[in-house]
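Reviewing the structure listed below.
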Amino acid sequence: MAPESPVRVRFAPSPTGRLHIGGARTALFNWAFARRHRGVFVLRIEDTDAERNSEESLRSILDSLRWLGLDWDEGPEAGGERGPYFQSQRRELHLQTLERGLDEGWLYRHFTGPREPGAGGEARGPRELARFPDRDLDPAESRRRAEAGAPFVIRFKVPLGEEILVEDGIRGAVRYRSDEVEDWVAGRSDASPTYNFVCVLDDAAMGITHVLRGEEHLVNTPKQVLLYRALGLEPPAFAHLPLILGQDGRKLSKRTGDTAVEDYRERGFPPEALLNFLALLGFSIDDHTTVFGREELVRHFDLARVNKAGAVFDEDKLRWLSGEYIRSTPVPELAERILPWLRREGWFPEGELPDPERDRLERAAAAVRERIQTYGEAPERLRWAFETPDPDARALQALGQEGAAGLLEAAAAALEREAAFPPADFDAWARDLAAGLEVAAGRILKPLRAALTGTLGGPPLAEILGLLGREEALERIRRAAARAGGAAAAS
RNA sequence: GGCCCCAUCGUCUAGUCUGGCCUAGGACACCAGGUUUUCAUCCUGGCAACAGGGGUUCGAAUCCCCUUGGGGUCACCA
């Protein structure tokens, strides 16, 4: 792009629901494109569907964008010179332009009977495009009937026999013949303008230079290009992003799984991971870079590197990436991140944590860091530490082993004798203990683990001991010893 | 069905524009082995793809055509 025409892109969601994964990816690519070209990223709210709009949706969308770290330069709560940023606030311009189109003859009133329910709808044949006789109605007559109260919608009078060339930044040249474009509705019977109409007016008013949007909009493009022509305006550059597909290979929808960004947030995916994953859907930096952050994305973002084919949303890969980010998070920060989930279990109080609690939290974070892929998995991995464990089958077996009771008693006694808790060099301590009792280390360690956590997996014993604390640990060991096979201890 | 888009491992992709360096590279998943007191992490190895057919060319994953397959869209929703 020429330097004198700075890039201006926009993300234009309608506040009729939470931010969808597909929308987030569109926002991300627009954001990256703007940042890459030192341009402006605009957020515009398409709130023209009064029926379905909600304040709650708007809040949720802004929230999700911010959570992902996608900051907008102009838009709600950011302001800007090219506002308003709520579509509904441009109503005056929209209505005036509707009038103008009628006057200039590129729009016409289509007088409808008592609410023709959509001209077509179902599978339609080749030439049954929406063209209506009112197209050629005398303007004066048209006005007269309107004033007489006859119901009508306003349609775009698609010129016949024209070629419409869309130079798509991702797909290249896409050609349409205007004869294949229907006389689309620009103004509803209640006088409100429709999406295709206002979208163009707003993009023009806001000086949008590049429109990057989902492929489902590709077929809208010829309609919009025709409108730009009628308006005597130069259309922006278009680029249609490949669709995000569900496991079934179709456009991602609620049927296939979670589709809202908030769903992933609630399940405890780090925003960096979701962002990274989204960037990988239809884009790649090179032949080997998989894990990268926003800065790197911006540095490398290029429409030429965006794919044409749709991409299946693979949650396994998202989970892996998420685990990757968690493992690279420093313990104190990870502690902070998983805290909300642990609080939800009632394991930590609200408010500032006192030092002992903070220490416990960090030990907990360290214990799960390499064992979870989402923050949401932390509680299940840590339950044993905060609640009395219920030994599982394998743990029971370990506890029932010959001599388990005696070995546990011996371990408890040895632990009690140690000045430090847990022993400074746990491995050496365990070795010595095993040697003293003349058994293999595993004979002691397994039941110990079972007694402490109720399962045979989990973090290293030293960490378990540290997290539990001397008192609780000893109590668990003794309690388990009392229940373990005591008779066998003698043998 | 009309129109439009697309087509490399099961999945995300590199390579395609600017044919040869591709006996097609990386990642996820899966399988096997190793490290680890356990689980996990980590390391090593393995499995696995150019949809099919015609051209063009000395040479095609790369260019052209056809077929097949998949998707999008056909609202007074955006």
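Convention: sequence-line order gives letters A, B, ...; per-chain numbering from 1. Remember, predicted model here, so these are calculated numbers, not experimental data.
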(message) With rounding to the closest Å, how many angstrom separate the C1' atoms on rA27(B) and rG20(B)?
(response) 28 Å
(request) State whether a side-chain donor-acceptor pair under 3.5 Å links S60(A) with E262(A). (result) yes
(request) Would you mind building the protein contact string for nucleotides 24-30 of chain B? One character per nucleotide, 5' to 3', B for base within reach (heavy atoms under 4.0 Å), S for sugar-phosphate only, - for untouched. (result) -BSBSS-
(request) Quickly work out the L433(A) CG to rU37(B) P distance and round it to whole Å. (result) 16 Å
(message) By nearest heavy atom, map E46(A) and D248(A) onto RNA chain B; which one lands nearer the 5' end?
(response) D248(A)
(message) F283(A) and side chain to side chain contact (heavy atoms under 4.5 Å, CB included): which single residue from L241(A), L278(A), L28(A), L297(A) fits?
(response) L297(A)
(message) By the definition salt bridge (charged side-chain N to carboxylate O under 4.0 Å, His left out), identify the one residue from R155(A), R109(A), R135(A) that meets it with D183(A).
(response) R135(A)
(request) Could you check how far CG of L107(A) sits from C1' of rC76(B), rounded to whole Å? (result) 14 Å
(request) Can you check whether any acceptor in the base of rC76(B) is under 3.5 Å from a donor in the side chain of T194(A), or vice versa? (result) no
(request) Classify the nucleic acid contact of D168(A) as base, sugar-phosphate or nothing, counting any heavy atom under 4.0 Å across all strands shown. (result) nothing
(request) Return no unless some side-chain N or O of K223(A) is found under 4.0 Å from OP1 or OP2 of rC74(B). (result) no
(request) To the nearest Å, give me how far apart CG (D183(A)) and C1' (rC74(B)) are. (result) 14 Å
(message) Distance check, P atoms only: rC63(B) and rA14(B), in whole angstrom units.
(response) 14 Å
(request) Measure the CD-OG distance between E315(A) and S322(A) for me, rounded to the nearest 0.5 Å. (result) 10.0 Å
(request) Compute the ring centroids of F197(A) and H94(A), then answer whether they are less than 6.0 Å apart. (result) no
(message) Distance check needed: rU38(B) C1' versus I444(A) CD1, whole Å only.
(response) 15 Å
(request) Tell which nucleotide pairs with rC74(B), taking only Watson-Crick or G-U wobble pairs whose two distances are both under 3.5 angstrom. (result) rG1(B)
(message) Between N307(A) and rA14(B), is there a contact of a side-chain N or O with OP1 or OP2 at under 4.0 Å?
(response) yes
(request) Please state the P separation for the pair rU41(B) and rC28(B) - nearest whole angstrom. (result) 11 Å
(request) Counting Watson-Crick and G-U wobble pairs only, both distances under 3.5 Å, name the nucleotide matched with rC17(B), or none. (result) none
(message) I need the CD-C1' distance between E324(A) and rC42(B), as an integer number of Å.
(response) 11 Å
Output one line per pair: protein atom, nucleotide atom from nucleotides 5-9 of chain B, and distance, for all N/O pairs under 3.5 Å.
| unit_1 | atom_1 | unit_2 | atom_2 | d |
| --- | --- | --- | --- | --- |
| rC5(B) | O2' | R171(A) | NH1 | 2.6 |
| rC5(B) | O2' | E215(A) | OE2 | 3.1 |

(message) More than 12 heavy atoms of other residues, nucleotides or ligands under 6.0 Å from CZ of R145(A): yes or no?
(response) yes
(request) Could you check how far CH2 of W184(A) sits from C1' of rC76(B), rounded to whole Å? (result) 13 Å
(request) Assess the pair Y264(A) and F313(A): is the distance between their ring centroids shorter than 6.0 Å? (result) yes
(request) Starting from P on rC42(B), measure out to CZ on R369(A) and report it in whole angstrom. (result) 11 Å
(request) Map I372(A) and L281(A) onto RNA chain B by nearest heavy atom, then report which one ends up closer to the 5' terminus. (result) L281(A)
(message) With the threshold set at under 4.0 Å for non-hydrogen atoms, list the residues of residues 453-463 of chain A touching RNA chain B in residue-number order.
(response) L456(A), G457(A), G458(A), P459(A), P460(A), L461(A)
(message) So for R449(A) and rU38(B), does any side-chain atom that can act as donor or acceptor lie under 3.5 Å from a complementary atom in the base?
(response) yes
(message) I want to check one thing: is the phosphate of rA78(B), taken as OP1 and OP2, less than 4.0 Å away from some side-chain N or O of T16(A)?
(response) no
(request) Would you please confirm or rule out a distance under 4.0 Å between OP1 or OP2 of rG72(B) and any side-chain N or O of R250(A)? (result) yes
(message) Less than 4.0 angstrom between a side-chain N/O of R305(A) and OP1 or OP2 of rG15(B), yes or no?
(response) yes
(message) Apply side-chain hydrogen bond (donor to acceptor under 3.5 Å, both in side chains) to residues D134(A) and H110(A) and explain how you reach the verdict.
(response) CA-CA 5 Å; D134(A) 293 352; H110(A) 167 211; 4.7 Å; no
(request) Check the surroundings of atom CD in E56(A): do more than 12 heavy atoms from other residues, nucleotides or ligands lie under 6.0 Å from it? (result) no
(message) Can you tell me the base-pairing partner of rA7(B)? Count Watson-Crick or G-U wobble geometry only, both distances below 3.5 Å, and say none if there is no partner.
(response) rU68(B)
